Each structure stands twice: as structure tokens, then as C-alpha cells.
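Excluded from the calculations below are hydrogen atoms, water molecules and symmetry mates; all remaining heavy atoms, backbone and side chain alike, are included. Because the structure is predicted, anything quoted here is derived from the model rather than measured.
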Amino acid sequence: MNRIKISCFAIVTAALVFFAVPSRAQSADLEKVLSQMDAASQKFQSAQADFKWDQLTAVVESHEITEGTIAFRRVGSSTEMITHVKTDNGSPAPKEILYKNGELAYYQPTIKQQTIFSAGTNRQQWEGFMTLGSGGSGKDLAAQWNINFQGTETIDGTPTAKLDLTPKQKSGNQMFTHITIWIDPARAISLRQQFFQESGDTRTVTYTNIQMNQVPAAAFAIKPAPGTQTVRK
């Protein structure tokens, strides 16, 4: 069960333990980035992109590459997300992951099984993770995370701010030591995210072909094949 939950949340979630205090100079730069995110967040309705997820197992220097598409949309004060996994290491590996109304569904069409997890009391935390670089405001980011501004980088021709994040509220089930995001503050969208584990393993997610405010509500649904078994956890 833990392996399935990790697979579902790893692209858009993390919990962290390390904190670096920004200097006065970077504070001014950070405030500018957060203000840009605030403005962009007001215009955000939805976003979709292709993703490439590179899981590095450090001890054996092994990479596992997962590719597919992902989409988010804002519904009132909540966020919905759907992910379509297409390949693992270049081989077909179809899976669908949907977060909606406080539940996360993990659909495996090859074995005709859909596993559903309830966010329960963790709903606010889960949705906080999902707005990490997907239309969330700078104000909300600063409320949930300690932020270390690490300069600017250009990715695929887009200027980004490199931000290293640690949580303001720590939990006992932390998977990662910290997260770095490369965010386009003009759209409040991450172009890259990197998750760091104590073991030295890293998980890097890159987003390309980003389209803004074009995702229909009907896209946020899973349509299991007849005969699919549904399991609730």
C-alpha cells in the first residue's frame, strides 16, 4: 500500500525537514517573485503539461524514467489534478491518478483495479502540495513553506526563479529532506521540481508543452473499463 501511495503523490507532493534563512538581498528578490505569483494566481484557472519524472537511486546510480501528461484546475478554493502515466523506461505502462473532492483514485487498467484513498484530515495538506507550482499564490506558498531564494535560471527559454522549500509544519512521515522548484512567476507554474531524500536518492520532474486555462472540466474524470475492481484504502 505504501508503494502505491508513494507512486501517486510523488510527482506533486513532499514533506521536508531542512531550513535555510534567506539574506536581506535575496529577501527583496523573493518578495518580487511572490508578488508576481500573487498576480498570476488571480488569472489561473487550469494548466496542462507533459511531464518527465526521473527517479535516481543513488546507491546503484540507476535512473527510472516515467513519462505522461498532467493537468490541474481550480474549483473554488480547491484544486483538482489528473495524471496520465504513459511509459516507464520507454515501455507502455498506462496508469491514471485523479485527485478530486478529497479523494485520490489510482487506476491500473492492465489489471482492472482502481484504488481510492481518502484525504480525510490531510485534505488541506494534500491540496497545498498540489498547488506547489501549479497556480498557487506567493502568499499561500510563503504561508506553508520556508523559502530560500537561490537565484534565477532560464529553462527552455523561460526565465524562472529557483526556490528551495522546507515545511513550516513538520510531520513524522517525511519522505524528503527538501524540495527545489524552478518557477515561472509570471504564470505561477513550475517548469521543474526536484525532491531530495536522506538516502541521496532524488526525484526530478520536468514539465514541457504547458498550456494555460484550456482544460475542460470533463478532463478531470477516470472512466474505468467494465469489470474494474474498486478498492478503498
Between the OG atom in Ser134 and the CZ atom in Phe44, the distance rounded to the nearest 0.5 Å is 5.5 Å
Check the pair Ile97 / Leu104 against side chain to side chain contact (heavy atoms under 4.5 Å, CB included), numbers first and verdict last. CA-CA 7 Å; Ile97 302 163; Leu104 188 143; 4.0 Å; yes
Can you see which heavy atom on Ala161 is nearest to which on Pro185, and at what distance? N-CD, 4.4 Å
Test side-chain hydrogen bond (donor to acceptor under 3.5 Å, both in side chains) applied to Arg74 - qualifying residues, sequence neighbours left out: Ser41
Could you list the residues that satisfy side-chain contact (heavy atoms from CB on, under 4.5 Å) with Ala40, not counting sequence neighbours? Ala188
Between Thr79 and Phe72, is a side chain to side chain contact (heavy atoms under 4.5 Å, CB included) present by the stated rule, with each step listed? CA-CA 7 Å; Thr79 299; Phe72 298 87; 4.2 Å; yes
Gln194: which of Thr206, Thr204, Thr180 passes side chain to side chain donor-acceptor pair (under 3.5 Å): Thr204
Can you see which heavy atom on Pro94 is nearest to which on Pro109, and at what distance? O-CD, 3.4 Å
Any side-chain heavy atom of Thr69 sitting closer than 4.5 Å to one from Thr83? no
Strictly by salt bridge (charged side-chain N to carboxylate O under 4.0 Å, His left out), give each pair with a member in residues 177-191 just once, sequence neighbours left out. Asp184-Arg187
For residues Phe51 and Thr66, report the shortest heavy-atom separation together with the two atoms involved. CE1-O, 3.9 Å
Less than 3.5 Å apart, which donor and acceptor atoms pair up between the side chains of residues 219-230 and the rest of the protein, not counting sequence neighbours?
| residue | atom | partner | partner atom | Å |
| --- | --- | --- | --- | --- |
| Thr228 | OG1 | Ala225 | N | 3.4 |
| Thr228 | OG1 | Ala225 | O | 2.7 |

In short, Asp54 meets His63 closest at the heavy-atom pair OD1-ND1, 2.7 Å
Listed by chain and number, what are the side-chain contact (heavy atoms from CB on, under 4.5 Å) partners of Glu153, not counting sequence neighbours? Thr160, Lys162, Trp182, Arg192
The side-chain hydrogen bond (donor to acceptor under 3.5 Å, both in side chains) partners of Lys95 (sequence neighbours excluded) come to Asp88
Under the criterion side chain to side chain donor-acceptor pair (under 3.5 Å), I'd like the reasoning laid out for Tyr107 against Gln113: C-alpha separation, chi angles, the key distance, then a yes or no. CA-CA 6 Å; Tyr107 174 47; Gln113 180 169 306; over 6 Å; no
Take atom NZ in Lys168; do more than 12 heavy atoms of anything else shown fall under 6.0 Å from it? yes
OG/Ser62 to CD/Gln55 distance, rounded to the nearest 0.5 angstrom? 9.0 Å
Listing request: all salt bridge (charged side-chain N to carboxylate O under 4.0 Å, His left out) pairs with a residue in residues 35-51, at least two apart in sequence or in separate chains. none
Rounding to 0.5 Å, atoms CH2 (Trp53) and CZ (Phe195) come to a distance of 9.5 Å
Other than Leu56, what residues sit in its cluster of Ile, Leu, Val, Met, Phe, Trp and Tyr side chains whose heavy atoms are under 4.5 Å apart, directly or through others? none
Side chain to side chain contact (heavy atoms under 4.5 Å, CB included) between Ile189 and Ile183: does it pass, once the steps are laid out? CA-CA 6 Å; Ile189 292 292; Ile183 194 159; 5.7 Å; no
CG of Leu34 to CZ of Phe149: how many Å apart, nearest 0.5 Å? 10.0 Å
Considering residues at least two apart in sequence or located in another chain, which fulfil the side-chain contact (heavy atoms from CB on, under 4.5 Å) criterion with Lys52? Ile65, Glu67
Supply the atom-to-atom distance Gln197 CD to His178 NE2, rounded to the nearest 0.5 angstrom. 11.0 Å
Is it true that the side chains of Glu96 and Tyr106 contain a donor and an acceptor less than 3.5 Å apart? no
From the options Glu80, Gln48, Arg73, select the one residue that forms a side-chain contact (heavy atoms from CB on, under 4.5 Å) with Val215. Gln48
From CG (Leu165) to CG (Asn148), nearest 0.5 Å: 9.0 Å
Nearest heavy atoms of Gly138 and Met37, plus distance in Å: N-CB, 3.5 Å
Shortest non-hydrogen pair, Ile181 vs Ser190, comes out as CB-OG, 3.9 Å
Under the rule for side-chain contact (heavy atoms from CB on, under 4.5 Å), what residues qualify as partners of Val59, not counting sequence neighbours? Thr57
Test of understanding: with side-chain hydrogen bond (donor to acceptor under 3.5 Å, both in side chains), list the residues that count as partners of Ser199, not counting sequence neighbours. Asp201
For Asp156, side-chain hydrogen bond (donor to acceptor under 3.5 Å, both in side chains) partners two or more places apart: none
Output, in order, the C-alpha distance, side-chain angles, deciding distance and verdict of side chain to side chain contact (heavy atoms under 4.5 Å, CB included) for Leu191 and Ile210. CA-CA 9 Å; Leu191 274 67; Ile210 299 171; 4.2 Å; yes
